[in-house]
Q: 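Below is the structure I would like to discuss, written out as structure tokens.
Computation of the quantities below employed the complete heavy-atom set of this structure, encompassing side-chain atoms and omitting hydrogens, waters and symmetry-equivalent molecules. Chain letters run A, B, ... following the sequence lines, proteins first, then strands; residues in each count from 1.
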Protein chains: 2
Amino acid sequence: MPRKLSTLDPQRLDNQICFAVYSAAHAFNRVYKPLLDRLGLTYPQYLVMLVLWERDDVPVKDIGEKLFLDSGTLTPLLKRLEAAHLVKRTRSSEDERQVLIALTSQGHALKEKARSVPPSILAASDCSVSELVSMKDEIVALRDRLNAAIGD
Amino acid sequence: MPRKLSTLDPQRLDNQICFAVYSAAHAFNRVYKPLLDRLGLTYPQYLVMLVLWERDDVPVKDIGEKLFLDSGTLTPLLKRLEAAHLVKRTRSSEDERQVLIALTSQGHALKEKARSVPPSILAASDCSVSELVSMKDEIVALRDRLNAAIGD
DNA sequence: TCACATTTAATTGTTCGCAATTGAATATGG
DNA sequence: CCATATTCAATTGCGAACAATTAAATGTGA
């Protein structure tokens, strides 16, 4: 039984994996929003905090490499986190080009308040952990192949 | 054999499907950029054009529902497409609240030039069509569950 | 050593993305 | 028929995201 023609048309919106990823990212953002509002964070700010909760006192460049973001995005974002008293920004003394980002005590403390976020997301995705893990692994593999293709 | 503790920590960046989706969306965007530059479109503008190539003379609201975007995003974007002579914006005569978006002849013509975009994306993803289709279906299902969870 | 390249953040300008509000047009209930 | 509610697009304000440029610090080779 042949598929409908429309399910094969590569120029159709609903056949494009990129739109699926794009719209899923926005859907995630809308689920995160009310949870992060209570922490006073936006989603990209939350990502930066996740990086810092794993390793503190990190140069801006390292944060950028982990999150695939550049200084044009991170510099103003980090200034907002500093204004919110969650991080400190200090020039490295060994290499004056680098700016090191360190958590304040409030920044450290926020990690505990943020513990309830992942379980809420899990509930909203209405999906088993193992399914989510395997989807995540597939998406990461695709992302890495795309990033590899950019270098050419 | 037990997993490492870090692979179970839900507060770790690399364990979060949302970050996988977020970073994959940006990776797609970077792959699309040089392709769309030749068409004079940004990625969100390309999405609007995909909608219009499927059905012309559509109210802003319908475009927003297809793309999960609101008028705050679409109104200025559509004005840019109009300035680029790709669409026309006209108030509906039956319902003066609605603004109908119609393709110009240039807008129609651009569809042919855009035919080469999906194959280039496929090549960059370095993945079989059937794998991409099943990933897309899983991601769409997740997105729809997330969007359903927002209503509560 | 010194000219030159590279690295690192910051800056500028454009475009998304969304919350909140506004104002006009339309629909609805009494 | 009329007051009220709803719908739709536009607007405003803020925070990403990124390209392109700048400036300062550091590395490198002749």
Q: Between atom NZ in Lys61(A) and atom P in dT7(C), what is the gap in whole Å?
A: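 Result: 8 Å.
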Q: Quick one: what's the B/S/- string for nucleotides 16-28 of chain D, heavy-atom cutoff under 4.0 Å, read 5' to 3'?
A: SBB------BS--
Q: For the pair made of CZ in Phe28(A) and P in dG17(C), what is the distance, rounded to whole Å?
A: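 After rounding, the gap between these two atoms is 17 Å.
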Q: Shortest non-hydrogen contact from Lys88(B) to Thr104(B)?
A: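 Between these two residues, the closest heavy atoms are N-CG2, 4.2 Å.
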Q: Whole Å only: how far is the CD1 atom of Ile63(B) from the P atom of dC8(D)?
A: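 The distance from CD1 of Ile63(B) to P of dC8(D) comes to 14 Å, rounded to the nearest Å.
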Q: Report the distance from atom CZ of Arg89(B) to atom C1' of dT11(D), rounded to the nearest whole Å.
A: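 Computing the Arg89(B):CZ to dT11(D):C1' distance gives 13 Å.
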Q: Round to a whole Å and report the spacing from CD of Gln98(B) to C1' of dA10(D).
A: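 To the nearest whole Å, that distance equals 15 Å.
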Q: So, does Ser134(A) use its side chain to make a donor-acceptor pair with the main chain of Glu131(A) at under 3.5 Å?
A: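 Yes.
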Q: dT15(C) C1' sits how many Å from Leu78(B) CG, rounded?
A: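 Between C1' of dT15(C) and CG of Leu78(B): 14 Å.
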Q: Take Thr73(A) and Asp70(A) through the test side chain to side chain contact (heavy atoms under 4.5 Å, CB included) and record every step on the way to the result.
A: CA-CA 6 Å; Thr73(A) 302; Asp70(A) 67 7; 3.5 Å; yes
Q: Which whole-number value in Å describes the distance from Asp37(A) CG to dC18(C) C1'?
A: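 Those two atoms, CG and C1', are 12 Å apart.
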Q: Take atom CD1 of Ile101(B) and atom P of dA9(D), then tell me their distance rounded to the nearest Å.
A: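 Going from Ile101(B) (CD1) to dA9(D) (P), I get 8 Å.
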Q: Any ring-ring contact (aromatic ring centres under 6.0 Å, His included) involving residues 23-47 of chain B? Give me the pairs, sequence neighbours left out, ordered by first then second residue.
A: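 ring-ring contact (aromatic ring centres under 6.0 Å, His included) check on residues 23-47 of chain B returns Tyr22(A)-Tyr43(B), Tyr22(B)-His26(B), Tyr32(B)-Tyr43(B), Tyr32(B)-Tyr46(B).
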Q: In Å, rounded to the nearest 0.5 Å, how long is the span from CD1 of Ile63(B) to CE of Met49(B)?
A: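 CE of Met49(B) is found 10.0 Å from CD1 of Ile63(B).
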Q: I'd like to check Ile150(A) versus Val31(B) (side-chain heavy atoms, cut-off strictly below 4.5 Å). Are they in contact?
A: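 Yes. Closest side-chain heavy atoms under 4.5 Å.
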